[in-house]
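All ligand and atom numbering here is 1-based and tracks the order in the structure.
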Amino acid sequence: MRVLIGCEFSGTVRDAFRAAGHEALSCDLLETEAPGPHYQGDVSDVLDYPWDLAVFHPPCTDLAVSGARHFEAKRQDGRQQAAVSFVMHLARSAIPRIAIENPISVLSRLWRKPDQIIQPWQFGHGETKATCLWLKGLPLLQPTHVVEGRQARIHHMPPSPERWKLRSRTYPGIAEAMAAQWGSVSA
Ligand SMILES: C[S@@+](CC[C@H](N)C(=O)[O-])C[C@H]1O[C@@H](n2cnc3c(N)ncnc32)[C@H](O)[C@@H]1O
């Protein structure tokens, strides 16, 4: 399959699909952290290529309910409207199979409820981080390895310039599940 991983600097989901034998490209405004096929630029530039599948990780800074105390200001200057519009733009693309990933956010109210909410502990990582998935043409992601731990590591990270990156990287267990389960979905 031709697979686009939009808004990914880590290369985690891209490399999981590549390891499963797919042609996968990551795309981000940032350079990729891991050497591999990557378009550094706006995801809109590559959206109309004939992809079979896309996984998008759009920015959640202006959407996540964890930042609700700033919502009024973000609605006043249009940041929230722009962030929602960006997600809608991705969702409306012609790519036949799409997964959009975000934390619990205003998307549930302004767009629609997510198809599922997954946790890292369902995929081999003993941590909690509620992750919503909005799906088109794809089945629900099935847990691959439920583990005991329920650490909220992400919430307790100390402030640092790299904190947002550490918090936003996709868990490898989730990336592998996406590649294994969605990479085998037939047309
Ligand atoms: C929440 S992070 C997702 C990180 C991802 N889970 C990973 O493992 O790399 C959102 C990313 O979207 C990127 N981004 C924002 N606007 C973009 C655009 N128009 N085109 C491509 N990437 C964009 C940001 O640079 C940021 O790295």
Side-chain angles (χ1 to χ4, degrees), residues 3-20 22 24-49 51 53-67 70 74 77-93 95 98-108 111 114 116-120 122-125 127-135 138 141 153-155 157 159-179 182:
V3 184
L4 171 64
I5 316 299
C7 305
E8 179 177 82
F9 62 84
S10 69
T12 314
V13 180
R14 177 202 67 202
D15 288 345
F17 274 94
R18 281 171 55 77
H22 300 283
L25 178 82
S26 55
C27 167
D28 201 290
L29 300 175
L30 304 176
E31 64 184 22
T32 184
E33 281 183 342
H38 182 75
Y39 177 74
Q40 186 175 356
D42 192 326
V43 66
S44 302
D45 296 348
V46 291
L47 217 49
D48 286 337
Y49 184 80
W51 304 108
L53 191 163
V55 179
F56 296 118
H57 308 278
C60 59
T61 317
D62 301 326
L63 303 174
V65 295
S66 55
H70 303 298
K74 290 180 176 188
D77 65 13
R79 270 178 290 171
Q80 187 165 90
Q81 291 89 332
V84 172
S85 293
F86 181 58
V87 175
M88 298 295 93
H89 173 56
L90 300 175
R92 274 200 310 270
S93 82
I95 302 167
I98 297 177
I100 295 181
E101 174 265 319
N102 229 231
I104 295 178
S105 76
V106 295
L107 292 173
S108 298
W111 178 27
Q116 68 178 130
I117 300 179
I118 58 170
Q119 289 281 352
Q122 298 175 306
F123 299 89
H125 305 273
E127 298 179 19
T128 55
K129 185 189 176 194
T131 301
C132 301
L133 296 175
W134 288 263
L135 305 173
L138 289 171
L141 201 63
R153 180 182 68 91
I154 294 278
H155 292 295
M157 280 180 180
S160 82
E162 292 294 286
R163 187 171 186 257
W164 77 270
K165 273 192 167 182
L166 295 170
R167 286 166 65 112
S168 74
R169 275 192 200 98
T170 305
Y171 288 82
I174 294 178
E176 283 159 22
M178 288 175 170
W182 293 344

Lys NZ or Arg CZ of Lys165 over Phe9 ring: under 6.0 Å, within 45°: yes

Flag side-chain contact, heavy atom, 4.5 Å: Cys60 against Ser105: no

Arg79: salt bridge (charged side-chain N to carboxylate O under 4.0 Å, His left out) partners, not counting sequence neighbours: Asp77

Could you give the N/O to N/O pairs under 3.5 Å linking ligand 1 and the protein, each with its distance?
unit_1   : atom_1 : unit_2 : atom_2 : d
ligand 1 : 6 (N)  : Ser168 : O      : 2.7
ligand 1 : 6 (N)  : Thr170 : OG1    : 3.1
ligand 1 : 8 (O)  : Ser10  : OG     : 2.6
ligand 1 : 8 (O)  : Thr170 : N      : 3.1
ligand 1 : 9 (O)  : Phe9   : N      : 2.9
ligand 1 : 9 (O)  : Ser10  : N      : 2.9
ligand 1 : 9 (O)  : Ser10  : OG     : 3.2
ligand 1 : 19 (N) : Asp42  : OD1    : 3.2
ligand 1 : 20 (N) : Val43  : N      : 2.9
ligand 1 : 22 (N) : Leu29  : N      : 3.4
ligand 1 : 25 (O) : Asp28  : OD1    : 2.6
ligand 1 : 27 (O) : Asp28  : OD1    : 3.2
ligand 1 : 27 (O) : Asp28  : OD2    : 2.7

Side-chain touch Asn102/Val87, heavy atoms, less than 4.5 angstrom: no

Pairwise side-chain contact, Gln116 with Leu135, heavy-atom cut-off 4.5 Å (strictly under): yes

Asp48 atom CG, over 12 foreign heavy atoms within 6.0 Å: no

